[in-house]
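Have a look at the structure below, then the notes.
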Amino acid sequence: MSTKPDALAPLGALPGVDDSVEAMRKAVDRVYGHRVMRRRSAEVTSEAVLRGARASAALAGADWALEEVRRRTDFSGDPQARTVGAALRVTAEAGHLLSVWRQSPLRVLARLHLVAAGGTDSEETVGRPRLAGEAVDEPAVTAPLPDAEEVAARLDGLAQVVVTGSSAPALVTAAVVHGELLALRPFVSHNALVARAAERVVLVGSGLDPKSICPAEVGHAEAGPDAYREALDGYLAGTPAGMAAWIAHCGRAAELGARESTAVCEALQRGAA
C-alpha cells in the first residue's frame with residue numbers, strides 16, 4: 001500500500017465509486033432523519049450493534065437466528081457459540097476505540113484481536129501481528145497468505161495512511177482498511193471479525209455514521225459469503241476495476257445496514273403508536 005500523502009484519493013475517482021458513495025449517503029441520511037431517532041436513538045444503536053455482530057458471526061460460519069443471539073448469555077460452549085461471543089465482544093468494543101483510531105490504529109487492531117480472542121488463543125499470540133511460521137486460523141478467507149515480514153510492512157503502511165488522513169470519502173477508507181486486513185490476516189485468528197469491526201470504526205469515526213446505526217456487517221451477510229469472497233478477490237487483484245468493485249460492495253453493505261436500522265425505527269414507531 002502506498003504511504004504517500006492522500007494515498008487513497010485516487011480510489012475515490014474510480015468509475016462507479018461516486019455512485020456508491022451517493023447511494024450509501026442517501027440511505028444513511030434517511031435513517032438519521034427518521035423521527036424515532038430524535039427520541040430513541042440509543043435503542044436503535046443497541047439493536048444495530050447486536051445485528052451487526054450477529055451478521056459478522058454468520059460470515060464467520062456461525063449463522064444463528066437473531067433471537068437466539070439475543071436470548072443466549074453463555075457463549076463459551078461449542079465453536080459456533082464461541083464465534084458468536086467473539087463477534088459480540090469485538091463489535092461492542094469497536095465503539096470504545098474511536099478516539100484512539102486516528103492516533104494509533106495498530107493499537108486499536110491489537111485491542112480488537114485481544115477482545116475477539118477472549119482467552120481462547122495462546123497468550124503469546126494475542127494482540128500482536130503473527131510471526132514467521134505461525135499458522136492462521138481463518139477458513140473464510142482462502143487467498144494466499146502474505147509472510148510475516150510483508151504483513152508488518154503493510155500494516156505500517158496502513159497505519160500511516162489512517163494517521164495522515166485522506167480527502168477520499170469515508171467509504172473508500174473503510175473499504176481499504178477492511179480489505180487490507182482480510183488480505184493480510186495479521187493475527188493468528190479472528191482476522192475477519194477484526195476487519196469488519198475496523199470497517200465499523202472508520203465509518204463511525206469519520207462522522208458518516210456517528211451513532212453507529214448503519215451496520216455494514218448486515219449488508220455483507222445479506223449479500224452472502226460467495227459475493228463477499230468474490231468482491232474481496234477484486235481487492236486482492238489490485239486492478240482499478242477490482243478495487244472499484246470491492247468499494248462498491250462495501251458501500252452496498254453499509255447501505256443495506258442503514259436500511260436495516262430504518263426498519264428497526266419503523267418497528268419501534270409502530271410499537272410506540
Side-chain angles (χ1 to χ4, degrees), residues 40-98 100 107-128 130 134-141 178 181-182 185-201 203-204 209 211-225 228 253 256-257 260-261 263-264 267-268 271:
R40 304 177 71 178
S41 64
E43 292 176 69
V44 181
T45 295
S46 294
E47 190 66 17
V49 170
L50 180 69
R51 294 181 182 218
R54 189 220 71 83
S56 193
L59 284 168
D63 192 0
W64 286 17
L66 181 63
E67 291 310 313
E68 176 65 9
V69 178
R70 200 190 305 279
R71 181 187 68 81
R72 288 281 288 267
T73 57
D74 182 8
F75 297 95
S76 61
D78 60 86
Q80 284 206 0
R82 291 196 294 272
T83 295
V84 174
L88 287 167
R89 291 191 302 272
V90 77
T91 305
E93 184 70 11
H96 301 301
L97 299 172
L98 301 174
V100 183
R107 187 173 148 205
V108 169
L109 295 176
R111 175 62 184 172
L112 290 174
H113 182 250
L114 175 67
V115 169
T120 59
D121 291 352
S122 165
E123 290 184 7
E124 290 77 18
T125 63
V126 169
R128 62 149 174 81
R130 55 186 167 84
E134 290 182 333
V136 175
D137 180 14
E138 197 61 65
V141 182
H178 186 171
L181 292 174
L182 288 177
R185 282 145 288 164
F187 303 108
V188 297
S189 66
H190 300 95
N191 289 286
L193 293 180
V194 169
R196 290 187 285 272
E199 179 183 47
R200 175 185 285 269
V201 169
L203 293 175
V204 174
D209 179 23
K211 294 183 182 295
S212 194
I213 59 171
C214 303
E217 303 98 324
V218 169
H220 290 303
E222 187 172 325
Y228 189 59
L256 291 172
E260 179 91 354
S261 287
V264 169
L268 288 172

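For this chain, numbers begin at 1 and follow the sequence in order.
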Looking at Leu114, Leu97, Leu181, which hits side chain to side chain contact (heavy atoms under 4.5 Å, CB included) with Leu109? Leu181
Within the supplied structure, the quantity of interest is the number of heavy atoms (other residues, nucleotides, ligands) at a distance under 6.0 Å from Arg107 CZ; does it exceed 12? no
Heavy-atom pair of closest approach, residues Ser189 and Glu138: C-OE1, 4.2 Å
May I ask you to decide if the ring planes of His178 and His220 are parallel, tilted or perpendicular, using 30° and 60° as cut-offs? perpendicular
Where is the tightest heavy-atom contact between Gly219 and Leu256, given as atom of each residue plus distance? CA-CB, 3.7 Å
If I take atom CG from residue Leu66 and atom CZ from residue Arg71, how far apart are they, to the nearest 0.5 angstrom? 12.5 Å
Side chain to side chain donor-acceptor pair (under 3.5 Å) partners for Glu67, two or more places apart: Arg70
Note: Ala86 and Ala116 closest approach over all heavy atoms is CB-O, 3.3 Å
Minimal non-hydrogen separation, Leu203 against Ala216, with atom names: CD1-CB, 4.3 Å
Atom CG in Asp209, atom SG in Cys214: separation rounded to 0.5 Å? 4.0 Å
Ser46 (side chain) donor-acceptor with Ala42 (main chain) under 3.5 angstrom: yes
Value for CZ (Arg54) from CG (Asp63), rounded to nearest 0.5 Å, stands at 5.0 Å
Identify, with sequence neighbours excluded, every residue that meets side chain to side chain donor-acceptor pair (under 3.5 Å) alongside Arg185. none
Give me the atom names and distance for the closest heavy-atom approach of Arg89 to Gly118. NH2-CA, 3.6 Å
Are the side chain of Glu222 and the backbone of Ala253 linked by a donor-acceptor contact shorter than 3.5 Å? no
If you compare all heavy atoms of Thr83 against all heavy atoms of Ala60, which two are closest, and at what distance to 0.1 Å? CG2-CB, 3.7 Å
Are a donor atom and an acceptor atom from the side chains of Arg200 and Ser212 found within less than 3.5 Å of each other? yes
